[in-house]
K.L.:
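Encoded as structure tokens, here's the structure I'll be asking about.
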Number of protein chains: 2
Amino acid sequence: MEPRTPTRRTGRPPRLSREAILAAAQRILGEEGADQLSMRRLAKELSSTPMALYHHVRDKDELLLLLLESHASAFPRPELPAEPRGRLIAAAQVLHDILAECPWIVEVLASDDLFAVSALWIVENMIDAAVECGLTPEQAVYVYRVIWYYTAGELTIRLGRERRRATLDRQPHRTQALAALDPEVFPRLASLASGWDELTNTDTHHEGLVAIVDGLLTALRPTA
Amino acid sequence: MEPRTPTRRTGRPPRLSREAILAAAQRILGEEGADQLSMRRLAKELSSTPMALYHHVRDKDELLLLLLESHASAFPRPELPAEPRGRLIAAAQVLHDILAECPWIVEVLASDDLFAVSALWIVENMIDAAVECGLTPEQAVYVYRVIWYYTAGELTIRLGRERRRATLDRQPHRTQALAALDPEVFPRLASLASGWDELTNTDTHHEGLVAIVDGLLTALRPTA
DNA sequence: ACCTGAACACCGTTCAAGT
DNA sequence: ACCTGAACACCGTTCAAGT
């Protein structure tokens, strides 16, 4: 009379799982960098074949989005200020901080400017805060987009720098190219040449973000 | 007594040339898109072999930079306003307009945030205008960088959209994903869902740029 | 149901040889 | 000097077959 356990399995028991695949992918990402993460390399890491992976993820893009998803959901979710301008800035900052640890995802995200669901609360907060700042919903989306472009750009260039570091910097450095410029036609660039690398390597994301938010708010807000 | 012509050629006469290679590359770019431009495809276009190309360009990156170079130098160079804020904005706008026609270059440019020499006058003008706005050279470079990130981000996402269009849009659209959100936890996103695509497809680069410039100037400028 | 092997249709680039 | 062919060391993905 005892019924057969309803969750009876059929077929071969799985050797791989999404979790195992994601864990292996994270290992490669951490130890060898995003450029080394290929379906073939990942299969090797799991002592499996490339094709076995396609039983657990639809394609490589889905794999990358799953990685972002797990990274974003593990990220500590900070208290946001109640005051709208501060909330907008703080939310945008979290967005940046989450993605700064996986800039390789921007290439995937760029295809359609949207996100992992576990990061959607950030977008919601940004738009809501912008509306509370006195903007229309349409303007709020526009503010969100400008900030997203800024963030995506910073990440793209961050990724480029990382790649460059990985390729061991054998190419002539930009400082030299700048120093070689004719100071008659490029006075500013020529005089800045020696300090260029230092200037462009400093992290100024946050100040830029604040300035952008304030610029947008003053441009759009009805002058009360 | 007549000396032998000093430019006497030795060896085999060239069948390929940089110009021919660049022209063919531009043809592929225009007709089939940036994704189709590979060294092998380019060789085929020229009825040659992939390896013949390496006699005229160092590698694929150099080829892409040469393409940018020729594109940028052909671009009409507009009069810039004398007034510094306007000049800063106008220069940044040209930068954007030049690159908007070849967003695929951003991946290459991103490796080190610098340019084709025939676009350097823009950077020079941006930094010079920022200094004339009352900023220090260091602040001016920082302003340039924020604008460059914004521009690079817009281009990256533009490229993504183009790629998406090329892959024939067979994936479920974001509007659906947004509409499926719980309006209790994502009230803003849920209510915007139906208009999302339209809102995110409109070109708002210029307004964003102006707002960013003004935001940066008010944040940095000594309150006179 | 889950996994394997071989194959397809590509990449960028190096190297040794040909004219 | 300029070009070719074959090869190296990869990609993501599909398809037919195995257990």
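Naming: A, B, ... by sequence-line order, numbering from 1 per chain. Predicted model, so just to flag it, every value in this text is computed and none were measured.
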K.L.:
Would you call B/Arg158-B/Glu154 a salt bridge at under 4.0 Å N-O?
P.N.:
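Yes, charged N to carboxylate O under 4.0 Å.
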K.L.:
Roughly how many Å apart are D/dC10 and C/dA9, using the P atom of each and rounding to a whole number?
P.N.:
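That atom pair is separated by 23 Å.
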K.L.:
Which residues, if any, of residues 42-57 of chain B bring a heavy atom under 4.0 Å of DNA chain D?
P.N.:
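By residue number: B/Ser48, B/Thr49, B/Met51, B/Ala52, B/His55, B/His56.
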K.L.:
Suppose the criterion is ring-ring contact (aromatic ring centres under 6.0 Å, His included): which pairs have a residue in residues 88-111 of chain A, not counting sequence neighbours?
P.N.:
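Qualifying pairs, neighbours excluded: A/His96-A/His205.
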K.L.:
Could you note down all residue pairs passing salt bridge (charged side-chain N to carboxylate O under 4.0 Å, His left out) where residues 181-196 of chain B supplies at least one of them, sequence neighbours left out?
P.N.:
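For residues 181-196 of chain B: A/Asp128-B/Arg188.
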K.L.:
Mind jotting down which residue pairs meet the salt bridge (charged side-chain N to carboxylate O under 4.0 Å, His left out) criterion with at least one end in residues 61-70 of chain A? Sequence neighbours excluded, please.
P.N.:
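Checked against salt bridge (charged side-chain N to carboxylate O under 4.0 Å, His left out) - neighbours excluded - the pairs reaching residues 61-70 of chain A are A/Arg18-A/Glu62, A/Arg58-A/Glu62.
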K.L.:
Using nucleotides 9-11 of chain C, report all nitrogen or oxygen pairs with the protein that are shorter than 3.5 Å.
P.N.:
residue	atom	partner	partner atom	Å
C/dC11	OP1	B/Ser38	OG	2.9
C/dC11	N4	B/Arg40	NH1	3.4
C/dC11	N4	B/Arg40	NH2	3.4

K.L.:
Send over the distance from B/Arg58 CZ to C/dT13 C1', rounded to a whole Å.
P.N.:
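Computing the B/Arg58:CZ to C/dT13:C1' distance gives 13 Å.
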K.L.:
Convert the base pairs of DNA chain C into dot-bracket notation, remembering that pairs crossing earlier ones are written with [ ] and that bases paired across to another strand are shown as |; include only Watson-Crick or G-U pairs under 3.5 Å.
P.N.:
||.|||||...|||||.||
K.L.:
Could you give the CG-to-P distance, from A/Leu63 to D/dG12, as a whole number of Å?
P.N.:
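In whole Å, D/dG12 P lies 10 Å from A/Leu63 CG.
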K.L.:
Quickly work out the A/Ile21 CD1 to C/dC2 P distance and round it to whole Å.
P.N.:
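Spelled out: CD1 on A/Ile21 to P on C/dC2 is 11 Å.
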K.L.:
Looking at A/Arg15, I'd like to know whether one of its side-chain N or O atoms comes within less than 4.0 Å of OP1 or OP2 on D/dT19.
P.N.:
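So the side chain of A/Arg15 is outside the cut-off, no N or O lying under 4.0 Å from OP1 or OP2 of D/dT19.
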